[in-house]
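Quick notes on the structure that follows.
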Amino acid sequence: EVQLVESGGGSVQAGGSLRLSCTASGLPFDTSDMGWYRQAPGNECELVSHLGGRVDDNTYYSTSVKGRFILSQDNAKNTVYLQMNSLKPEDTAVYYCAAGPPIMLPMTCPANLGYWGQGTQVSVSS
């Protein structure tokens, strides 16, 4: 059984930082596509960042977070991280970790494709 467990969400003031963690089990982590999505109330689910499972895959960042967020992973710990810096109130959302190819279609998180964590709330106040 595949399980993704997220942690690290919380409340922070604008300009602050948070690091989300997602620990996976039940899948070949070092060759799996891993990504972070978010959904704010009234908005569609948005792909925030994604890294393919191949060695030469590049990391994708959405325009809204590029230059502020960093995705990394520790294969020894089966964990993927999302370092979020210079947070803005518009970053407020529930953040989900997912295993699988990137999804950029209008949808609600979590989607019916791939494997998803339970979500963690990030709240940024002005």
Look at the side chain of [X] and the backbone N and O of [Y], then say whether any donor-acceptor pair between them is shorter than 3.5 Å.
X   : Y    : value
D57 : G53  : yes
E6  : G119 : yes
Q13 : S126 : no

Same cluster for [X] and [Y] if Ile/Leu/Val/Met/Phe/Trp/Tyr side chains link at under 4.5 Å?
X    : Y    : value
L113 : M104 : yes
V122 : V80  : yes
L27  : Y96  : no
V124 : V65  : yes
Y61  : L20  : yes

Any non-hydrogen side-chain atom of [X] less than 4.5 Å from a side-chain atom of [Y]?
X    : Y    : value
M107 : N112 : no
T59  : S49  : yes
Q83  : S17  : yes
L71  : Y81  : no
Q121 : V94  : yes
F69  : N85  : no
I70  : L82  : no
C45  : T108 : no

> Below 6.0 angstrom between ring centroids: does that apply to Y37 and W116?
Replying inline: yes

Report the distance from atom [atom1] of [X] to atom [atom2] of [Y], rounding to the nearest 0.5 Å.
X   : Y   : atom1 : atom2 : answer
S32 : R54 : OG    : CZ    : 13.5 Å
S72 : R19 : OG    : CZ    : 7.0 Å
D30 : N78 : CG    : CG    : 8.0 Å

> What's the verdict on side chain to side chain contact (heavy atoms under 4.5 Å, CB included) for N75 and F29, showing C-alpha distance, side-chain angles and the deciding distance?
Replying inline: CA-CA 7 Å; N75 290 339; F29 182 80; 3.3 Å; yes

Might you point out which heavy atoms bring [X] and [Y] nearest each other, and give the distance in Å?
X   : Y    : answer
L4  : C22  : CB-SG, 3.9 Å
A99 : M34  : CB-SD, 3.7 Å
P89 : S125 : CG-C, 4.4 Å
A93 : Q39  : CB-O, 3.5 Å
E44 : P106 : OE1-C, 3.6 Å

> Run the side chain to side chain contact (heavy atoms under 4.5 Å, CB included) check on L18 and L87 step by step: do they pass?
Replying inline: CA-CA 8 Å; L18 285 172; L87 282 161; 4.1 Å; yes

> With sequence neighbours left out, which residue pairs that include part of residues 90-107 fulfil the salt bridge (Lys or Arg N to Asp or Glu O under 4.0 Å) condition?
Replying inline: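 Sorted result for residues 90-107: R38-D91, R68-D91.
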
> With a 3.5 Å cut-off and no angle check, do the side chains of E46 and S64 form a donor-acceptor pair?
Replying inline: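 Side-chain D/A pair, E46 to S64: present.
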
>> Is it the case that the side chains of T79 and D74 hold a donor-acceptor pair, with the cut-off being a distance below 3.5 Å and no angle test?
In response: no

> What residues form a ring-ring contact (aromatic ring centres under 6.0 Å, His included) with Y95, not counting sequence neighbours?
Replying inline: none

>> Using a 6.0 Å cut-off, check whether atom OH of Y60 has over 12 heavy atoms from anything other than its own residue.
In response: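 Check passes, neighbour count above 12.
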
> Who pairs with D33 by side chain to side chain donor-acceptor pair (under 3.5 Å), at least two apart in sequence or on another chain?
Replying inline: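 With neighbours one apart ignored, the set is empty.
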
